[in-house]
Amino acid sequence: KREDKGTRTPPPQILLPLEERVTHFRDMLLERGVSAFSTWEKELHKIVFDPRYLLLNSEERKQIFEQFVKTRIKEEYKEKKSKLLLAKEEFKKLLEESKVSPRTTFKEFAEKYGRDQRFRLVQKRKDQEHFFNQFILILKKRDKENRLRLRKMR
């Protein structure tokens, strides 16, 4: 017997559990490069044509977007902070290897080592100078302690 194609009901869709749909939606937000510092309206064009966009209803989509944005901001700040810490460590290694003296100026140091990758990792000039000055202060303090120790020995 032949069935009329117009009356056939489509096979029931297997709906994923909410948790899984949320995970897919979040993955889509990450993959599509949704900015954590933007609004739903401005980011919508990046995600609206992705099939995962339809996994949630409009209320859920906005809610998950807001949560995503909050956590991404925190993650991006952490990433930025760890990058700066790494850059600071590399800069410090450069300072130690460069054998600068307490009398070396930042300008002299920058002229000699400005092309070194570790120098350029610290992007802000202000930070470079700050790390340099901290290092020089430690050197001066160490020199002073050594002189005092020598004086006591005499």
Side-chain angles (χ1 to χ4, degrees), residues 15-154:
L15 197 60
L16 296 170
L18 180 65
E19 206 174 287
E20 255 183 79
R21 288 182 287 144
V22 167
T23 301
H24 287 304
F25 191 79
R26 279 202 177 110
D27 290 346
M28 173 196 63
L29 293 173
L30 258 179
E31 288 169 24
R32 297 281 175 184
V34 169
S35 170
F37 301 97
S38 190
T39 63
W40 171 256
E41 290 76 21
K42 288 181 181 172
E43 296 298 310
L44 197 55
H45 73 279
K46 294 179 182 176
I47 59 176
V48 75
F49 297 110
D50 191 299
R52 294 171 288 185
Y53 175 81
L54 298 171
L55 289 174
L56 303 171
N57 67 39
S58 61
E59 196 177 299
E60 292 168 331
R61 285 192 285 258
K62 267 194 155 172
Q63 190 180 359
I64 299 305
F65 175 82
E66 294 303 322
Q67 290 172 358
F68 171 83
V69 165
K70 282 180 187 168
T71 55
R72 273 307 293 155
I73 287 172
K74 289 176 187 170
E75 288 168 3
E76 285 183 29
Y77 279 132
K78 279 182 191 170
E79 288 167 12
K80 195 174 182 181
K81 192 174 181 180
S82 68
K83 255 185 176 176
L84 184 62
L85 283 174
L86 176 75
K88 183 179 179 179
E89 285 304 308
E90 291 299 313
F91 195 83
K92 191 176 175 195
K93 286 178 191 171
L94 173 65
L95 283 163
E96 288 166 356
E97 289 171 18
S98 68
K99 306 269 189 267
V100 292
S101 80
R103 288 176 201 82
T104 307
T105 66
F106 176 73
K107 189 178 180 204
E108 293 167 337
F109 177 73
E111 284 171 2
K112 192 169 183 182
Y113 296 97
R115 286 191 178 88
D116 191 296
Q117 184 58 38
R118 296 169 293 182
F119 185 92
R120 289 187 295 185
L121 272 176
V122 179
Q123 291 167 350
K124 293 182 182 170
R125 190 72 163 183
K126 182 183 80 175
D127 291 338
Q128 293 168 341
E129 274 191 78
H130 178 69
F131 298 153
F132 174 83
N133 291 332
Q134 281 181 321
F135 188 78
I136 293 297
L137 279 174
I138 292 167
L139 288 182
K140 287 180 178 176
K141 189 175 176 185
R142 202 180 297 150
D143 268 16
K144 187 177 180 182
E145 287 169 358
N146 286 341
R147 281 196 304 277
L148 286 172
R149 219 177 282 122
L150 282 172
R151 232 181 262 149
K152 285 181 183 176
M153 291 170 121
R154 288 181 188 155

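Side-chain atoms are counted along with the backbone in the values below, which use heavy atoms only and exclude waters and symmetry mates.
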Taking all atoms of both residues into account, what is the closest heavy-atom pair of [X] and [Y], and its distance?
{"X": "Leu55", "Y": "Arg21", "value": "O-NH1, 3.0 Å"}
{"X": "His24", "Y": "Arg52", "value": "O-CD, 3.7 Å"}
{"X": "Gly33", "Y": "Glu43", "value": "O-OE1, 4.1 Å"}
{"X": "Ala110", "Y": "Arg125", "value": "CB-NH2, 3.8 Å"}
{"X": "Arg61", "Y": "Leu54", "value": "NH1-CA, 3.9 Å"}
{"X": "Glu76", "Y": "Ala36", "value": "OE2-CB, 3.7 Å"}

Verify, without hydrogens or angle tests, whether [X] (side chain) and [Y] (backbone) share a donor-acceptor contact under 3.5 angstrom.
{"X": "Lys88", "Y": "Phe131", "value": "no"}
{"X": "Glu20", "Y": "Pro17", "value": "no"}
{"X": "Thr71", "Y": "Gln67", "value": "yes"}

* To do: Evaluate the ring planes of Phe119 and Phe106, with Trp represented by its six-membered ring, and classify them as parallel (under 30°), tilted (30 to 60°) or perpendicular (over 60°).
  => parallel

* **Parallel, tilted or perpendicular: ring planes of Tyr53 versus Phe25, cut at 30 and 60 degrees** =>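 Rings of Tyr53 and Phe25: tilted, 30 to 60°.
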
* Could you state the interatomic distance from CG (Leu95) to CG (Leu139), rounded to the nearest 0.5 Å? -> 8.5 Å

* To do: First locate atom CG of Leu44, then atom CZ of Phe49, and finally report the distance between them rounded to the nearest 0.5 Å.
  => 9.0 Å

* **Trace of the side-chain contact (heavy atoms from CB on, under 4.5 Å) decision for Glu31 with Met28** => CA-CA 5 Å; Glu31 288 169 24; Met28 173 196 63; 5.7 Å; no

* Asked: Would Asp127 and Phe91 count as a side-chain contact (heavy atoms from CB on, under 4.5 Å) if you check the C-alpha gap in whole Å, the side-chain angles of each, and the deciding distance to 0.1 Å?
  -> CA-CA 10 Å; Asp127 291 338; Phe91 195 83; over 6 Å; no

